[in-house]
Amino acid sequence: MENIRVRFAPSPTGYLHIGNARTALFNWLFARHHGGRFILRIEDTDLDRHVAEAEEVIIQDFAWLGLDWDEGPDRGGPYGPYRQSERIAIYKEYARRLIDCGRAYYCYCTPQELEHSRQMMLSRGQTPQYEGRCLHLSEDQKRAFEQEGRRPSVRFRVLEEAVVVQDLIRGQVSFDGQTIGDFIILRSDGRAAYNFAVVVDDLLMKISHVLRGEDHLSNTPKQILIYQALGAQPPQFGHMPMILGPDRTRLSKRHGATSVSSYRQKGYLPEAIMNYLALLGWSSPDEKEILSREELIQNFTVERMSKSAAIFDLTKLNWMSGCYIRQADRKRLTKECLPFLQERGYIDRQLTDREMSRAEEIVGSLQAKVSYCAQVADLASVYFDDTPSVDQESRIWLETNESIAVMQALEEVLESFSAEELGDGHEVIKGVQDKSGQKGKKLYMPMRVALTGKMSGPELGAIFSLVGRERCLSRVKHILSLAEQLTKHE
RNA sequence: GUCCCCAUCGUCUAGCCCGGUCAAGGACAUCGCCCUUUCACGGCGGUAACGGGGGUUCGAAUCCCCCUGGGGACGCCA
């Protein structure tokens, strides 16, 4: 293939949706795999919905994910401008051409009138479709409408019997021209409608392949019609499967986190998000699942895209993210976790070398247990909370004498050690074992609960060495007193 | 309502184009065992799917038709 040019064209709605991110990713992978160009274009035709910083947000999320683009509003390119709001004159010019050759006409119907007739048709069980009322308006009629103060929109005139879409993913799909009503290409305020703007932009930007969500499949015949009316060759289309929520409906806010930034804010690693998204609707030829960005680029082809919709599975994302966290370099991971630790006041904003290496130890001790960085901060509470409460499932360890005996043994052994002697607590544990005669779970769980109030957490060794003798001791006393209270109440 | 797309374990999927090698493979989740003097990590094993009905064929998860189910689109939203 030659001169491959693909684009991602988001509307700046304030955040980058997970589904859009996947669309962007596949376009990017396609471009990088084939050595083509990846273009970012902002579809801000609808001023009403335009959010000022929205464009910036999208660009940031892109950068975070590691997607780079060759042409775009921020870096220019030979086919700019790359914002639709800056291309209004171009759309007008192309609409003019269609009017001149009889493939478009002015329509003076008001939104109210159109809504009314739509309802009428719907109630009669018909497909709502423009009836062509303004198709043959005389100059006098037009003037009369103008006098009324009506501003016309421009409609595309559909003449074709049938339109065939050659889809890269779905094969040949045909549409009956009869079912496509004359649609608006220029709104009455002069702005281009989506179906028109995309065509003009894709044409002028020499886009070779349009890979987008399946929800656009039924728009495609309209767009092909415009290409044809303009005497142009349409690009290759490929309609990708939708991403659904667990209830099998289109992924939306009520399914929870659906923006890329929400995952970034929780401290997911970008390569994990990229990897997971890549597997939604695509599979690698060797069935490998953990793929680096280079492997993704190398293996990506549209032939391996699936046709059926995929459910966004947070559980699997968390597993995959956990894989990346475990593989991550400790220093890097610590850097990613720092903001979360600071936010809770666990560590200072400015760190000495010593504090930094302490932070690395903390993160390292938790690395195998989390899926994303915010969880590190959750679990790190065991290093900072010296008066922990005992969670429900850990209560049972406060209720038996043999468990309490282990805790008491821990208290005594700890007291017999100096702060320097403690180290990673190995000797302490041995001492407690000797004293209590317990081993395994019955040895470890009481100690764990006495130290943290929880049944799970980092290695006891990490707790001993990072918390130190004094605080360990005060925690054990604290928990022991809680246990005492508990027994009294019974 | 009309049009369009889709249909393999609970979930993501391989296999389908080029029918037999599929008593359907992998991954997540789940269950069990092992490792670890604990939870986790890791290792091993188990449960679990070709939506239904017709064809075509010696033979169908794979090809055809119908049904059902799900999704999408029908906007002066993108």
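Predicted model only: the values in this text are computed from it and were never measured. Letters A, B, ... mirror the listed sequences (proteins, then strands); counts begin at 1.
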Sugar-phosphate only, base, or nothing, as touched by A:Phe175 at under 4.0 Å among non-hydrogen atoms: sugar-phosphate
Distance, P atom - from B:rG71 to B:rC76, rounded to whole angstrom: 25 Å
Sugar-phosphate only, base, or nothing, as touched by A:Cys109 at under 4.0 Å among non-hydrogen atoms: base
Ring centre gap for A:His209 and A:Phe30 strictly below 6.0 Å: yes
Below 4.0 Å: OP1/OP2 of B:rU13 and any side-chain N or O of A:Ser306: yes
B:rG26 to B:rG15 separation - C1' atoms, rounded to the nearest Å: 11 Å
Presence of salt bridge, A:Glu131 and A:Arg118, under 4.0 angstrom: no
Donor-acceptor pair (no angle test) under 3.5 Å: A:Glu459 side chain, B:rC39 base: yes
Parallel, tilted or perpendicular, as decided by the 30° and 60° cut-offs, for the rings of A:Tyr108 and A:Phe145: parallel
Pair A:Phe183 and A:Phe196, ring centroids less than 6.0 Å apart: no
A:Gln178 CD - B:rC4 C1' separation (whole Å): 16 Å
P atoms of B:rG52 and B:rA60, separation to the nearest Å: 15 Å
Out of B:rC76, B:rU11, B:rU37, whichever nucleotide has its closest atom nearest the side chain of A:Ser153: B:rC76
Heavy atoms from other residues, nucleotides or ligands near CZ of A:Arg151 exceed 12 (cutoff 6.0 Å): no
Members of residues 360-367 of chain A that approach RNA chain B, where some heavy atom sits under 4.0 Å away: none
Any A:Ser283 side-chain nitrogen or oxygen under 4.0 Å from OP1 or OP2 of B:rA14: yes
Protein-nucleotide distance (A:Leu186, atom CG; B:rG75, atom P), rounded to Å: 18 Å
Watson-Crick or G-U wobble mate for B:rA14, both contacts under 3.5 Å: none
A:Arg187 side-chain N/O to B:rG75 phosphate OP1/OP2 under 4.0 Å: no
Interface with RNA chain B, restricted to residues 311-330 of chain A and to heavy atoms under 4.0 Å: A:Ile311, A:Asp313, A:Thr315, A:Lys316, A:Trp319, A:Arg326
A:Phe62 and A:Phe38 aromatic ring geometry - parallel, tilted or perpendicular at 30°/60° bounds: parallel
C1'-based separation of B:rA7 from B:rU38 [nearest Å]: 47 Å
Polar contact flag, side-chain donor to acceptor under 3.5 angstrom, A:Thr249-A:Arg254: yes
Minimum-distance nucleotide to A:Ser11 side chain [options: B:rC76, B:rA78, B:rC5]: B:rA78
B:rU56 pairs with, by Watson-Crick or G-U criteria that keep both distances under 3.5 Å: none
Cation-pi check, A:Arg97 onto A:Tyr94 ring (under 6.0 Å, within 45° of axis): yes
Interatomic distance where NE2 belongs to A:His239 and P belongs to B:rC5 [whole Å]: 12 Å
Separation between the P atoms of B:rC12 and B:rC50, rounded to whole Å: 16 Å
Rounded interatomic separation in angstrom, taking CD1 from A:Ile243 and P from B:rC12: 11 Å
Selected nucleotide, minimal atom distance to A:Asn195 side chain, candidates B:rG71, B:rC39, B:rA78: B:rA78
Heavy-atom donor-acceptor pair, A:Glu287 side-chain to B:rG25 base, under 3.5 Å: yes
Integer angstrom distance from the P of B:rU62 to that of B:rC35: 46 Å
Interatomic spacing from CD in A:Glu160 to CD1 in A:Ile224 - rounded to 0.5 Å: 10.5 Å
Atom-pair distance (CZ on A:Arg248; C1' on B:rG51), nearest Å: 12 Å
Separation of B:rC74 P from A:Gln223 CD (nearest whole Å): 11 Å
A:Met242 CE - B:rA73 P separation (whole Å): 6 Å
Under 3.5 Å on both distances, the Watson-Crick or G-U partner of B:rG75: none
Touch class at under 4.0 angstrom, heavy-atom based, for A:Leu443 against every strand present: base
Watson-Crick or G-U wobble partner of B:rA7, both distances under 3.5 Å: B:rU68
Pairing partner of B:rC33 (Watson-Crick or G-U wobble, both distances under 3.5 Å): B:rG43
B:rA73 OP1/OP2 closer than 4.0 Å to side-chain N/O of A:Arg250: yes
Options B:rU2, B:rA7, B:rG71, nucleotide nearest the side-chain atoms of A:Ser308: B:rA7
Atom-pair distance (NE2 on A:His216; P on B:rA73), nearest Å: 9 Å
Options B:rA73, B:rA27, B:rC4, nucleotide nearest the side-chain atoms of A:Glu289: B:rA27
Donor-acceptor pair present, A:Lys369 side chain and B:rC39 base, under 3.5 Å: yes
Atom C1', compared across B:rG46 and B:rG69: separation rounded to whole Å: 31 Å
Side chain proximity check, A:Val210 to A:Val6, heavy atoms < 4.5 angstrom: no
Modelled atom types, side-chain donor and acceptor of A:Tyr82 and A:Asp201, under 3.5 Å: no
Sugar-phosphate only, base, or nothing, as touched by A:Asn219 at under 4.0 Å among non-hydrogen atoms: base
Residue met sooner reading RNA chain B from 5', once A:Arg170 and A:Leu114 are mapped to nucleotides: A:Arg170
Side-chain N,O (A:Arg304) to OP1/OP2 (B:rG15) below 4.0 Å: yes
Nearest-Å distance once atom P is located in both B:rG19 and B:rC64: 11 Å
Salt bridge (Lys or Arg N to Asp or Glu O under 4.0 Å) partners of residues 167-183 of chain A, not counting sequence neighbours, each pair once: A:Arg170-A:Glu214
Residue closer to the 5' end of RNA chain B, A:Lys307 versus A:Gln433 (nearest nucleotide): A:Lys307
Within 6.0 angstrom of A:Asn401 CG, more than 12 heavy atoms from elsewhere: no
